[in-house]
Amino acid sequence: MMSYWLVKSEPEECGLSHFLAAGQRGIPWDGVRNYQARNFLRDMQVDDSVLLYHSSCRDVGLVGTLRVTSDPYPDPLQFDVSSRYFDAKATPENPRWTAVNLSLLAPLARLVPLSELKSSLAFADSPLTAKGARLSVMPLTRIQWQVACQLAEN
DNA sequence: GCCAACGTTGGC
DNA sequence: GCCAACGTTGGC
């Protein structure tokens, strides 16, 4: 069953430009340190579709479509003492955090600003538009996916 | 830069 | 197990 997702990142951290540069190789989506977001990562499957969202910047909104290219796997950064994402309580036998690989499907024809999503009925119940929501990985309904792609074409 | 909303930590 | 303090996220 194909699922739809949305992931947030600051554009300088892991944004559209990074995915453009990475091409088919894709990029590990790692460093997620929120349990709810991690649980969604765990539910991802190869070939699931993902919207990329730029957060904490001047033009916040949707910028591209991505594809899941790996099964979920233990985030290596949790074992890396030199990483800011190191977690002393995680062990290879008992990993805490999950990553998946994502690669670019296509940039959106235009950035779909958060303001437009907020005024879209389809996103009324989404954590994306909820006040104060900080969830960085979330599921999308098929309708939300379609609406977002359609908005990008207008 | 401000501030609201959360999640996490740690004392008790 | 409660809850205050603190840190982080993220829109504006």
Side-chain angles (χ1 to χ4, degrees), chain A residues 3-22 26-44 48-66 68 72-105 107-141 143-154:
Chain A
S3 299
Y4 300 92
W5 308 95
L6 180 146
V7 296
K8 287 187 196 172
S9 171
E10 301 184 12
E12 316 78 47
E13 189 74 22
C14 192
L16 182 58
S17 62
H18 299 82
F19 279 99
L20 284 166
I27 297 179
W29 200 261
D30 50 22
V32 171
R33 294 295 178 269
N34 168 283
Y35 286 106
Q36 200 181 354
R38 180 209 61 184
N39 292 343
F40 288 133
L41 284 178
R42 283 178 170 175
D43 290 338
M44 289 188 181
D48 279 357
S49 297
V50 182
L51 283 175
L52 178 62
Y53 176 90
H54 280 176
S55 67
S56 295
C57 58
R58 198 186 48 157
D59 298 310
V60 293
L62 303 171
V63 293
T65 55
L66 312 174
V68 177
Y73 57 93
D75 181 349
L77 299 183
Q78 67 194 307
F79 312 125
D80 179 355
V81 273
S82 68
S83 168
R84 58 184 283 226
Y85 297 112
F86 174 72
D87 185 339
K89 293 177 182 160
T91 64
E93 297 73 33
N94 263 314
R96 279 194 161 189
W97 304 110
T98 299
V100 295
N101 293 342
L102 301 176
S103 70
L104 185 66
L105 258 183
L108 295 185
R110 71 174 183 103
L111 183 143
V112 178
L114 177 61
S115 58
E116 287 184 30
L117 300 172
K118 280 184 172 172
S119 54
S120 162
L121 203 57
F123 281 88
D125 292 332
S126 172
L128 186 65
T129 57
K131 189 176 161 199
R134 301 185 301 170
L135 191 59
S136 66
V137 179
M138 70 189 76
L140 295 175
T141 64
I143 300 299
Q144 287 168 341
W145 172 270
Q146 287 172 344
V147 166
C149 292
Q150 194 173 1
L151 284 171
E153 298 300 325
N154 293 337

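Naming convention: chains lettered A, B, ... in sequence-line order (proteins, then strands); numbering from 1 in each chain.
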Query - Spacing between A:Met138 atom CE and C:dT9 atom C1', to the nearest angstrom - result: 12 Å
**Report entry** Short side-chain N/O contact from A:Tyr53 to OP1 or OP2 of C:dG11, under 4.0 Å
**Finding:** yes
Query raised in the report: In whole angstrom, what separates A:Arg33's CZ from B:dT9's C1'?
Result: 17 Å
Query - Protein-nucleotide distance (A:Lys8, atom NZ; B:dC6, atom P), rounded to Å - result: 11 Å
**Report entry** Whole-Å gap separating C1' (C:dG11) and CG (A:Leu62)
**Finding:** 15 Å
Report task. Examine A:Tyr73 together with A:Trp97 and report whether their ring centres are nearer than 6.0 Å. Result -> no
Report task. Measure the distance from CG on A:Asn34 to P on C:dG7 and round it to the nearest whole Å. Result -> 19 Å
Query - Crowding at CD, A:Glu10 (>12 non-hydrogen neighbours, <6.0 Å) - result: yes
**Report entry** Heavy-atom donor-acceptor pair, A:Ser55 side chain to A:Lys8 backbone, under 3.5 Å
**Finding:** no
Query - Options B:dA4, B:dG7, C:dG11, nucleotide nearest the side-chain atoms of A:Lys131 - result: B:dA4
Requested in this report: Send over the distance from A:Asp87 CG to B:dG7 P, rounded to a whole Å.
Outcome: 18 Å
Requested in this report: Specify the separation, in whole Å, of atom CZ of A:Arg58 and atom C1' of C:dG11.
Outcome: 15 Å
Report summary line: Looking only at C:dT8, C:dG11, B:dT8, the nucleotide nearest the A:Arg134 side chain is C:dT8
Query raised in the report: Starting at CZ of A:Arg84 and ending at P of C:dG7, how long is that distance when rounded to a whole Å?
Result: 16 Å
Query raised in the report: Between A:Gln144 (side chain) and A:Ala122 (backbone), is there a donor-acceptor pair under 3.5 Å?
Result: yes
